[in-house]
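To start, the structure itself, in structure tokens.
Quick note on labels: first sequence line is chain A, next is B, and so on, each numbered from 1.
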There are 2 protein chains.
Amino acid sequence: MNAISHSEENYLKTVFHLGADGKQAVATNAIARSMKTKPSSVTDMMQRLGEKGLVNYRKYRGVSLTEAGKRAALSIIRKHRLWEVFLVEKLNFSWDEVHDVAEQLEHIKSEKLVDLLDQHLGFPQYDPHGDPIPGKDGNYPSREKQLLSQLPVNTKGICIGVKDSSASFLKYLDKNRISLGDKIHILEREDFDNSLLVTVADTEMRVSHQIAANLYLKIL
Amino acid sequence: MNAISHSEENYLKTVFHLGADGKQAVATNAIARSMKTKPSSVTDMMQRLGEKGLVNYRKYRGVSLTEAGKRAALSIIRKHRLWEVFLVEKLNFSWDEVHDVAEQLEHIKSEKLVDLLDQHLGFPQYDPHGDPIPGKDGNYPSREKQLLSQLPVNTKGICIGVKDSSASFLKYLDKNRISLGDKIHILEREDFDNSLLVTVADTEMRVSHQIAANLYLKIL
DNA sequence: AAATAAATTTAGACAAATCTAAAAATATGT
DNA sequence: ACATATTTTTAGATTTGTCTAAATTTATTT
């Protein structure tokens, strides 16, 4: 019944994200790269998490989350995303500034705090980047969504999320007046550089492949 | 220019409180007792904080805060108290439940977060226990206040704070309908047990010395 | 003022989380 | 399939924050 440490929580979260939301096994190196730490540190930690029953660890074979590990990861992600909503909706942070602060807030331990925060925010379903917020009970709503870059010409959809939520990408979207909820219509694809001509909320513009490969649409 | 660690912040805060708001030197043992740690751990930490220029440490002579240490302590206390206001005002925590959560939240590092939180709360001057909130610039407003137990019969005042902010004391106050802002009139003192007969918001009641020694009044 | 008590510090150990360097296992290419 | 490259693990060291036990300093008492 040992508590999960700050650091352990970060590893669990990473394993969850890298392993397609806890479904696949993840390589040691991938975790190290993603967390900017060394593979040897990852090995140490995975052995510890294995002993705690939070991951399935087999030497040289990578790790996957156990049910307990998945539950723990979802709880952290839930907190992270609720705090992001708070920062944007209540404190007027912009969506490109919330990540680092939420990264700290997600580790605060108090079930009551999370419940009351959820209520205060009106039980939001999505965070400011369009990612779904796991439920208190651990259910994780997945929505059908597709990358703009993978859709055929003439598709119409609603922009519902971003794949990359780095500050630089989000600022780029702001500058180009692309927001979640906007209606997007794909007019043509340029074979040369894979850029797209689209309308975003009825404004025509050209978006690079880089951009299109990081925007999620719900097809209409 | 080393950052101040979570643990170092807790020690600074304790030295501030035990040393009459950073004015007096504090003994090693007092710190250990207050933090439920061992004197040897305190010595270690005080030597480290001394090297960082946050406390004046002289072997066997106790420690006091330097100006830099005082500034750091006030910044943590400011965050603690702002978060307490948030928890009570925005999330509907009761005043006896906020301490442990605020103890965690006070360590979140983001100047922007603190500024926007302060604004969101309407720049509050006092926390839910009546303690003043240090300013962004480090100024620490002290208010004239006196313990109910130390005032003569017939004094009238407003209840403006508590000395002990333990959950059990605060719950006791709730149960007896004593709140911050209430007008208190001292009717008589019982020599036998030092209890007082008072009116609290026009309701007559008897309060024990224990209670009176933990309630701060502003004399009218 | 010497003896005793109390407070404080030092020395050495430990756990967590990390690192570097070297060894071992797995994967890849021709 | 064998040599080479890549990935992963182990071994040993480091830092932070803590502890216990012993030594030292300061305070108190008679």
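- When the P atom of D:dT10 is taken as reference, atom CE of A:Met46 falls 14 Å away, rounded to whole Å.
- Taking the six-membered ring where the residue is Trp, the centroids of B:His99 and B:His129 are separated by 6.0 Å or more.
- For the pair A:Arg143 and A:Tyr126, the cation-pi test (distance below 6.0 Å, angle within 45°) is passed.
- Atoms OH (B:Tyr57) and P (C:dA7) sit 16 Å apart, rounded to a whole Å.
- Atom-to-atom, CE of B:Met35 to C1' of D:dG17 comes out at 11 Å; the value is rounded to the nearest Å.
- For the side-chain contact (heavy atoms from CB on, under 4.5 Å) criterion with B:Leu49, the lone passing option out of B:Met46, B:Glu51, B:Gln47 is B:Met46.
- At C:dA6, none of the side-chain N or O atoms of B:Asn29 fall inside 4.0 Å of OP1 or OP2 (strictly under the cut-off).
- Distance B:Gln47 CD to D:dT15 P: 17 Å, rounded to the nearest Å.
- Electrostatic pairing of B:Lys79 and B:Glu84 does not count as a salt bridge here, judged by no charged N lying under 4.0 Å from a carboxylate O.
- Atom CD1 in A:Ile31 sits about 13 Å away from atom C1' in D:dT7, given to the nearest Å.
- In this structure, B:Phe16 has its ring center no closer than 6.0 Å to that of B:Tyr11.
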Q: Using a 4.0 Å heavy-atom cut-off, write out nucleotides 11-23 of chain C from 5' to 3' as B (base contacted by protein), S (sugar-phosphate only) or - (no contact).
A: -----SSBBB---
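- Between A:Trp83 and A:Phe86, the angle of the ring planes goes over 60°, which puts this pair in the perpendicular group of the 30/60° scheme.
- Between the P atom of D:dT7 and the CZ atom of A:Arg33 lies a distance of 7 Å, rounded to the nearest Å.
- The side chain of A:Arg61 places an N or O atom within less than 4.0 Å of a non-bridging phosphate oxygen (OP1 or OP2) of C:dA27.
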